[in-house]
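Report on one structure; see the data block that follows.
Quick note on labels: first sequence line is chain A, next is B, and so on, each numbered from 1.
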Number of protein chains: 2
Amino acid sequence: MAVAPSVYGPRASTALPGHQLRKEKGVSQEAFAHQIQIDRSYFGSIERGERNVSLDNICLIAAGLGVPPSELLRFDAVRDVEPARVDE
Amino acid sequence: MAVAPSVYGPRASTALPGHQLRKEKGVSQEAFAHQIQIDRSYFGSIERGERNVSLDNICLIAAGLGVPPSELLRFDAVRDVEPARVDE
DNA sequence: CTGTGACTTTAAGTCCGTC
DNA sequence: AGACGGACTTAAAGTCACA
C-alpha cells in the first residue's frame, strides 16, 4: 500500500517535507497551525507522518508555507537531500 | 477553504491533471482504476474534480501513471497550458 | 511548544446499479 | 467508455485534555 519511500516517518506517503520548510520560516507548529486555521495537534500529527492527509489540506499547508502544492510532494527531491542517513 | 484555482471542475484542489496523462497512455478509467486497485466509479469522480483525494491515493495514481506524485499537483503548470478559456 | 490517546463527526472510498 | 446515483463501510477530519 505504501508508495513513497519512508524517509521521514512510519507512514511514508504522508510525511511531508513541510517540517523543514516551516522551520526555515522560524514558525512553531502552534503558530503555523493557527495561521492556516487547523488544529495544532492535528497539524503536528501530519508533520510526524502519522496521517494520510487529503489534497485540500496539502494545498492549505502549501499556501501557508508560500510554496506550490507540488513542492510538498517532492519525496524524490527530499531523498536527494537526505540520503537515508541513520547516523549523524 | 478552496486553495487552488478552479480550472477543471467545481472542486478546485481535487481536480488532478491525471486526466490528460491517462488519456495519453490510451487507458480507460475503468482499466486504470482496476490497475491501481481503486473503484472505477470513485476514480471517475476524482478526475471530475469532485473529490478531496487523500495523499495515499494521489501517490497510487501517480505510480500508476508512471510520474512522480508532485507531477499531479501542478495546478500552476496546468494553468499555463489551459488559461481559463471558456470559448473554444 | 509539542506528543499522544480518546473521542465524535464528516467525508473518503467501495460496491452495486442505471443511463 | 464514462457519468451518475444509492447504500454502505472505513478512514480522515477535526477537537480536546493531559502529559
For the pair made of [atom1] in [X] and [atom2] in [N], what is the distance, rounded to whole Å?
| X | N | atom1 | atom2 | answer |
| --- | --- | --- | --- | --- |
| A/N52 | D/dA12 | CG | P | 5 Å |
| B/H19 | D/dA1 | NE2 | C1' | 12 Å |
| A/Y42 | C/dT2 | OH | P | 18 Å |
| B/F43 | D/dA3 | CZ | C1' | 14 Å |
| A/D39 | C/dG3 | CG | P | 13 Å |
| A/R51 | D/dA11 | CZ | P | 14 Å |
| B/Q29 | D/dC4 | CD | P | 11 Å |
| B/E30 | D/dC4 | CD | P | 16 Å |

Side chain of A/R40: nearest nucleotide among D/dT15, C/dC1, D/dA17?
->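 Of the options given, the side chain of A/R40 lies nearest D/dA17.
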Residue whose closest nucleotide on DNA chain D lies nearer the 5' end, B/V27 versus B/S41 |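 It is B/V27 whose nearest nucleotide is closer to the 5' end.
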For B/A31 and for A/I38, find the nucleotide of DNA chain D with the closest heavy atom, then tell me which residue's nucleotide is more 5'.
->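 Of the two residues, B/A31 wins.
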Within the structure, does a side-chain N or O atom of B/R48 lie under 4.0 Å from either OP1 or OP2 of D/dG2?
->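 For D/dG2, neither OP1 nor OP2 has a side-chain N or O of B/R48 closer than 4.0 Å.
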